[in-house]
Amino acid sequence: MHEIQLHNTLSGKVEPLLPLKPGQVGMYTCGPTVYDYAHIGNYRTFVFQDILRRFLKWRGLKLNHVMNLTDVDDRIITNAAAAGVGIREYTEKYVQAFFADCKTLNIEAPEHWIRATDHINDMVALIQKLQQNTYTYPSEGSLYYRIAKFKDYGKLSKVDLSGIQAGARVDNDRYEKESARDFALWKAPKPGEHFWETPIGAGRPGWHIECSAMAMKYLGETLDIHTGGIDLAFPHHENEIAQSEAATGKPFVRYWLHAEHLLVEGEKMSKSLGNFFTLRDLFAKGYKPSALRFALASVPYRRQLNFTFDGLQQATSSVERLRNFAARLKSEKFPVGNQRGMAERIAQAANDYDAGLSDDLNTARALAAMFDFVREANIAMDKGEFRQGDVAAALEFLESFDKVFAVLQDTDGERLKELGFGSGEGGVDDAEIEKLVGERQAARARRDFAASDRIRKELADRGIILEDTKDGKVRWKRK
RNA sequence: GGCGCGGUACCCAAGUGGUAAGGGAGAGGUCUGCAAAACCUUUAUGCGUGAGUUCGAUUCUCACCCGCGCCUCCA
């Protein structure tokens with residue numbers, strides 16, 4: 001086991017992870033704003049968070065992971081009003097879609113999935129605390145945060161406020177503010193808008209306050225890890241720090257982790273460029289969830305990931321190679337005993353794998369360790385040197401790999417079906433496959449290869465691939 | 001302009017002051033009744049460009065070029 005090292009945006013360095021309470025990690029990850037279906041760029045970040053989550057758990061840390069769902073913001077209010085429904089009703093569809101997408105991508109549920117609108121009181125309480133500490137000022141019914149009073153402002157994103165002049169183009173807000181960088185904690189309601197009646201007045205929360213309030217409610221005033229997309233570092237996370245630390249006087253977060261963005265064909269993904277994809281768009285084109293997860297996970301999170309369909313195809317092949325190996329390990333019968341040196345080799349591969357992930361979640365390195373082992377074990381099997389006694393250890397390594405990567409289980413079909421893709425019909429059940437395989441084996445036995453190939457072709461057309469193995473048996477898989 | 005990330009083979013990508021992991025793709029081959037899978041060989045004297053430091057640089061320094069992100073809502 002290697003020491004877990006993570007890149008902390010706060011220090012700009014890779015640091016050893018030393019949780020506040022040894023053995024336990026409190027982690028807050030910024031989730032989606034549920035005004036529409038989340039896109040693959042969002043999922044790049046969510047998959048990164050999931051890899052982090054799974055890795056920490058696999059390493060035996062007790063994890064308390066909170067993910068928020070932002071279900072109140074300008075876009076939601078606008079869209080809900082346009083649709084003539086309440087914001088809760090409007091967002092529900094996208095919340096459910098998000099949960100379904102996560103399940104499809106094998107993104108584990110965090111310990112707490114929470115919604116902003118369920119925590120208005122917590123936000124109000126936090127704002128009141130800021131009022132007491134005189135970090136706020138009112139203006140036209142709204143409440144603003146006075147950045148000038150928070151001397152550490154900019155420590156996360158390294159922004160230099162000295163160059164920012166009030167009235168510069170950053171000031172798009174219609175409200176009166178003391179300084180251009182000041183941000184709204186609580187927004188006065190506009191006519192017809194959804195609002196909450198609270199001790200600090202009628203209105204709705206500003207964007208940043210929800211994360212401060214909810215993170216501290218569930219994880220305490222100082223949390224170990226907070227993550228999100230790189231774009232959130234400023235201003236969102238910077239403002240979270242300002243709010244939280246001004247209220248408590250304590251460090252808000254010890255490790256800030258930010259995922260780089262995903263590009264599509266080298267360009268920023270945007271609806272106007274026509275390179276904007278949701279998961280459903282890709283599944284409709286026939287790509288598998290496991291392939292997308294692999295594609296998103298295989299590039300280390302601090303690198304921009306250039307998403308291409310060619311890359312998705314490459315990921316598909318990589319996943320197949322791993323699954324083929326797992327299937328071979330499980331189905332082939334090897335000679336009894338243990339191969340000399342194989343146990344040590346497996347231990348070494350597992351060690352290299354752990355070293356990769358421990359190094360700031362270097363998934364590419366971890367995968368290389370996995371693939372190295374796959375090749376070596378295949379060679380041993382081809383030579384007839386691999387022994388049955390080593391199967392268990394090899395499988396154990398594969399399982400530990402999949403605890404984090406989660407791509408080996410061949411459940412793509414089922415998961416897609418749950419999402420509404422791939423009609424139930426046309427599927428071939430196992431019994432029928434076994435029956436046809438039996439018929440083909442009989443044909444082969446009497447060297448009737450025409451009949452044999454006909455059956456293989458028929459199954460192939462229905463998505464079943466047959467592989468004849470050395471020991472005369474047949475292994476099949478779904479394409 | 002400020003802050004930040006990156007430019008490694010056809011594609012994705014790791015990496016180190018001592019001579020380039022891994023995956024995908026292509027080509028040839030082994031195995032197979034034929035396939036599939038697997039395996040073998042092959043594809044960067046080269047790591048954006050130029051200069052410097054060094055016995056030695058892809059790895060360090062400087063300059064430059066190019067791509068991308070943030071600075072305004074954004075994963």
Side-chain angles (χ1 to χ4, degrees), chain A residues 9 12 29-33 35 38-49 73-75 154 157-164 168-173 180-181 207 227-236 238 258-263 266-270 294-295 298-308 310-325 327-328 332 352 356 359 362-383 444 447-450 452-453 456-457 460 465-470 474-477:
Chain A
T9 309
T29 61
C30 282
T33 300
Y35 71 104
H39 54 67
I40 56 172
N42 294 314
Y43 285 106
R44 197 274 164 106
T45 298
F46 299 145
V47 167
F48 145 64
Q49 290 168 170
D73 88 326
D74 289 343
R75 291 165 297 185
S157 55
K158 323 294 191 261
V159 294
D160 178 9
L161 288 187
S162 61
I164 304 296
R169 77 188 185 97
V170 290
D171 192 1
N172 292 325
D173 224 304
R181 288 288 192 190
W207 174 32
T227 81
I230 184 70
D231 56 296
L232 293 186
F234 186 87
H236 186 52
E238 197 71 67
H258 292 101
E260 259 297 348
H261 274 185
L262 169 149
L263 305 175
E267 292 187 286
K268 182 172 179 173
M269 182 168 64
S270 75
F294 187 93
S298 58
V299 177
Y301 77 97
R302 283 203 295 132
R303 269 187 86 106
Q304 287 179 346
L305 187 159
N306 187 16
F307 176 86
T308 62
D310 183 46
L312 198 48
Q313 193 52 53
Q314 292 182 12
T316 304
S317 301
S318 298
V319 170
E320 262 174 37
R321 178 169 170 80
L322 294 172
R323 287 183 180 176
N324 285 338
F325 176 70
R328 183 178 191 184
E332 224 165 289
D352 290 345
D359 176 18
N362 190 332
T363 47
R365 228 181 110 185
L367 283 169
M370 183 73 243
F371 279 110
D372 273 335
F373 171 66
V374 168
R375 179 171 26 75
E376 288 165 29
N378 270 322
I379 291 171
M381 290 175 186
D382 283 357
K383 284 186 180 167
R444 288 179 74 207
R447 304 191 67 78
D448 181 355
F449 296 120
S452 164
D453 290 350
R456 184 167 64 193
K457 175 75 163 57
I465 308 296
L466 302 189
E467 294 175 10
D468 300 333
T469 60
K470 269 206 177 103
V474 179
R475 185 162 58 218
W476 60 267
K477 63 185 177 187

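Please read these numbers as outputs of a predicted model, since none were measured by experiment. Below, read A as the first sequence line, B as the second, and so on, with proteins coming before strands; counting in each chain starts at 1.
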Legend entry - Listed nucleotide nearest any side-chain atom of A/Ser318, set B/G23, B/A14, B/C11: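 The listed nucleotide nearest to A/Ser318's side chain is B/G23.
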Inset, instruction - Side chain of A/Ala364 only, please: which of B/C71, B/G22, B/A14 is the nearest? - result: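 Looking only at heavy atoms from C-beta outward on A/Ala364, the closest nucleotide is B/A14.
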Inset, instruction - Before accepting this row, confirm whether a basic side-chain N of the pair A/Arg444/A/Asp453 lies closer than 4.0 Å to the acidic partner's carboxylate O. - result: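 Looking at A/Arg444 and A/Asp453, the cut-off is not met.
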Inset, instruction - Could you tell me whether A/Glu467 and A/Lys477 have a side-chain N and a carboxylate O separated by less than 4.0 Å? - result: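 Judged by the 4.0 Å cut-off on N to carboxylate O distance, A/Glu467 and A/Lys477 do form a salt bridge.
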Legend entry - A/Phe449 ring over B/G33 six-membered base ring, under 5.5 Å and 30°: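 Base of B/G33: stacked against A/Phe449.
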Legend entry - Stacking of A/His261 on B/A75 base (centres under 5.5 Å, planes under 30°):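 Ring-base stacking flag set for A/His261 and B/A75.
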Taking atom types as they are modelled, is there a donor-acceptor pair under 3.5 Å from the base of [N] to the side chain of [X]?
X: A/Arg456; N: B/C34; value: yes
X: A/Asp468; N: B/C34; value: yes
X: A/Gln304; N: B/G6; value: no
X: A/Asp453; N: B/G33; value: yes
X: A/Gln314; N: B/C11; value: yes

Legend entry - Integer angstrom distance from the P of B/A36 to that of B/G26: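 That atom pair is separated by 12 Å.
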Inset, instruction - Start with the C-alpha distance between A/Asp310 and A/Gln314, add both sets of side-chain angles, then the distance that settles side chain to side chain donor-acceptor pair (under 3.5 Å), and finish with yes or no. - result: CA-CA 6 Å; A/Asp310 183 46; A/Gln314 292 182 12; 3.1 Å; yes
